[in-house]
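Take a look at the structure below.
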Amino acid sequence: MLITIVNGLTMASLLFIIAVGLNLSFALLRVANLAHGAFYLFGGYVGLSTMNYTDSWILAILVGGLVTGVLAFLLEFFLLRKVRGDNLRETLVTLSVAFILADLMIVIWGGNPRSIAYPEMLQGPVHLGGIVVPKLSVFIFIFAVVIGVLLWLLLNKTKIGMVIRAGVDDFEMVSALGTNIRFVFTAMFVVAGFLAGIVGVIGGSHLMMSPGDDWRILTYALLIIILGGMGSFGGSVIAALIMGFIYSFGSLYFPEFQLFLMFAPVALVLIFRPKGLFGRGLA
Amino acid sequence: MNIKWKHVSFAVLGASLLAVTSACTEEMETELEEEMDDGVTEDEGSAESDTEDDADDGDEAEEAGAIQIGVVGPMTGGFAAYGEKVEKGVELALSEVDHTFNGNEITTVVEDSQADAEQLMTRLDSLRDRNEVDIVIGPSTGDEGEAAASWAQNNEDTLIMPGYSAPEDMTMRDASDNLLRAGWTGSQTIFHFGKYVAEEMGHERIVMVGQDYAYPWDQAAGFKRGFFENGGEEVHTIWHPTDTLEFSAIMGELQGMADEYDAVLLNSGGADAIAFYEAWEQYGMDESYPQMLGGTNVADIPILEEVSDNFEGVYSSMHYSESLDHEENVEFRENYAEMHGEEADGIALQGYDTMRVILDALEETDGDTSDTAALSEAIRDMEVGDSPRGAFTFDEYGHAVQDIYIKRVDLVDGELQNEVVETYEEVSQFGPYEDYQDEYMAQPGNERDFPADTAEEYFEDLEEYFGEEYMNELEEGGIWE
């Protein structure tokens with residue numbers, strides 16, 4: 001029981017970092033970035049190559065995140081800006097990028113499942129009050145908390161955060177007040193890509209990576225956004241926790257109904273609270 | 001309607017649109033490639049090169065005496081390795097004969113089934129109608145295999161030799177004359193592993209963690225038979241869906257029952273097997289279970305390359321081991337590594353052997369690919385003596401009868417490798433039930449809970465389906481000789 005809760009927390013931590021970036025950029029840019037899953041996997045693969053060359057896991061995480069951030073920048077700056085305001089075309093652009101990336105990754109890294117080696121320090125289990133917990137899970141949880149706190153501070157205690165929150169509510173008004181909203185869009189998009197990249201490396205160490213994971217991760221992230229509510233930071237946390245626990249308890253007690261269990265709450269929320277648990281919705 | 005949900009509906013709409021578009025592009029790409037291939041054939045084969053692009057390539061190929069062979073299997077996606085490696089093996093076999101047969105060129109048409117039964121049917125149809133090939137190598141996965149078996153029954157004029165698919169019914173309950181397999185079945189490779197684990201390793205109670213679909217069920221069935229009939233008591237099965245990312249929950253469950261069971265058998269493959277072992281190490285499971293056992297696909301080379309050196313000591317069984325040291329295997333591995341820049345494994349071996357079997361059969365028909373019955377007969381009569389896996393023949397259903405190797409993963413010069421520790425010779429797809437084929441096939445097919453998990457229930461079923469005669473013979477020790 002306890003161990004399952006710990007597993008759920010670990011999964012929730014991973015899902016949270018993936019979803020929160022996507023959620024914020026979704027809310028701000030009004031674009032469902034369907035390439036987010038591909039970013040996750042791409043970051044993982046870049047981390048894998050970095051790890052093989054340098055043997056430094058920290059560097060792998062950083063490079064994975066940075067390269068993916070650059071990729072996100074290219075996508076936003078050169079492609080999305082051309083079709084700004086047209087929802088269908090924006091979404092299609094991100095979707096095409098996702099397909100292109102998926103094929104590119106098969107060409108570069110092949111179709112075999114891979115996993116990233118991580119430092120000996122984090123290998124093996126640790127005994128916490130009678131239960132056995134992998135050290136890596138502890139690390140992932142702490143990492144997610146740190147990222148979460150940093151993001152929360154950024155959003156709520158800084159001027160940039162104020163602009164972002166205002167932009168989520170009404171970006172035209174913010175723009176009219178003299179903020180360079182285009183720059184904020186790009187920055188947010190890049191941050192989301194960066195987060196996806198670093199989680200890719202961590203996820204690639206904790207689980208493993210193979211073609212197709214991009215779509216799976218994207219589905220989970222979208223489910224969390226729908227459940228938690230678009231643009232809601234707290235909603236992302238709660239929804240990630242719910243999904244994490246559904247995943248861990250579901251795979252233990254009802255492995256054959258796992259997908260059903262994950263989609264059922266989303267369906268219920270869509271029926272009774274279409275804006276998501278914590279979403280404020282749009283004007 | 002809220003604006004937000006417009007976004008979502010746009011996304012869904014966009015996704016389906018793009019899926020359609022991408023499917024079309026793929027079609028176009030393959031067509032383009034084929035047209036390019038045709039170009040080569042025409043230039044070299046016939047002087048009267050037709051300028052019209054839509055020329056029927058199948059007829060032309062026959063006119064020129066050239067031979068076209070279809071290769072189909074998953075070439076993209078999570079199962080890509082199972083298709084790609086078969087194709088690489090085929091290419092190696094073809095390069096050994098310079099892509100010619102009696103002076104005529106042999107070309108391959110490669111199709112991607114994406115490990116999907118539906119896709120496979122479309123691809124097979126297009127190989128038959130558009131390319132007019134008579135011989136197909138493929139497919140490679142379980143679901144595809146079952147679909148291919150029914151396709152074969154409806155298309156008697158096409159010879160199909162599976163790449164890596166292992167469902168036993170393809171060459172058993174759903175057998176057809178034009179489907180022959182120089183490969184393996186899920187149960188064939190593991191019957192004797194069950195015996196080995198019970199007799200030689202002395203385990204009585206095993207936990208088996210497996211993916212919840214037909215292939216692992218076949219493996220579980222074969223293992224249980226060998227295990228129970230040779231002294232094993234219980235195989236506790238835990239089934240999980242394929243593509244499970246996270247094995248923590250199962251690790252917790254395994255830890256809770258460590259006192260009752262002797263070893264864990266991982267009945268899985270591909271990404272799931274790697275993810276399982278990642279979790280295994282994170283939880284330090286070696287302390288609870290000193291011995292890990294594996295299904296046939298667990299000690300695969302792509303997996304050995306990904307796991308840590310602690311994987312040493314895992315036992316499994318297969319119809320091939322890369323460490324076999326006879327000349328044919330050494331040469332095969334060298335040539336394969338030189339041609340493709342990667343290690344050969346059982347999957348590549350099967351592509352290679354299948355192509356060579358077809359070439360030998362073509363000798364019998366003087367290069368005529370259209371006489372499926374003659375080809376099929378030639379293959380059934382064949383004794384392959386120079387395969388890297390060791391000698392093998394075909395049974396009356398067209399499935400390989402071959403040696404099964406019990407393997408242990410050892411660390412040799414810093415690399416994990418499968419060492420053969422025991423060989424069981426000339427095992428057919430019926431394993432020890434060679435004399436009881438009808439009884440074997442009269443049982444229900446293998447399911448997640450058939451055969452049963454405990455020896456007691458297992459023997460009840462066994463007596464019901466196989467009768468007293470079998471039980472007596474088993475008791476006298478005549479079955480597993």
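In what follows, chains are A, B, ... by sequence order, proteins preceding strands, each numbered from 1.
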Q) For chain A, which residues of residues 297-307 of chain B have at least one non-hydrogen atom nearer than 4.5 Å to it? A) B:P302, B:E306

**Q.** Shortest non-hydrogen contact from A:N7 toward B:A249
**A.** ND2-N, 3.5 Å

(Q) Applying a heavy-atom distance below 4.5 Å, give me the residues of residues 115-125 of chain A that approach chain B, sorted by number. (A) A:S115, A:Y118, A:G124, A:P125

**Q.** chain B contact via A:F254 - side chain, backbone, both or neither, heavy atoms under 4.5 Å
**A.** neither

Q | A:L207 portion near chain B, given a 4.5 angstrom heavy-atom threshold | A | both

**Q.** B:E287 portion near chain A, given a 4.5 angstrom heavy-atom threshold
**A.** neither

(Q) Let's test your reading of the structure: which of B:E84, B:H240, B:Q255, B:M251 forms the most heavy-atom pairs below 4.5 Å with chain A? (A) B:Q255

**Q.** Part of A:S205 lying under 4.5 Å from any heavy atom of chain B
**A.** backbone

Q | Distance-minimising heavy-atom pair for A:H206 and B:E278 | A | O-OE1, 3.6 Å

Q. What is the distance from atom CD of B:E246 to atom OG of A:S137, rounded to the nearest 0.5 Å?
A. 7.0 Å

Q | Heavy-atom proximity to chain B below 4.5 Å, by part of A:R89 | A | neither

Q) In terms of heavy-atom proximity below 4.5 Å to chain B, should A:F249 be classed as side chain, backbone, both, or neither? A) neither

Q: Can you see which heavy atom on A:P113 is nearest to which on B:I274, and at what distance?
A: O-CD1, 3.6 Å

Q: Could you tell me the separation between the OG1 atom of A:T4 and the CD atom of B:E253, rounded to the nearest 0.5 Å?
A: 9.5 Å

Q) Are more than 12 heavy atoms from other residues, nucleotides or ligands located less than 6.0 Å from atom CZ of A:F141? A) no

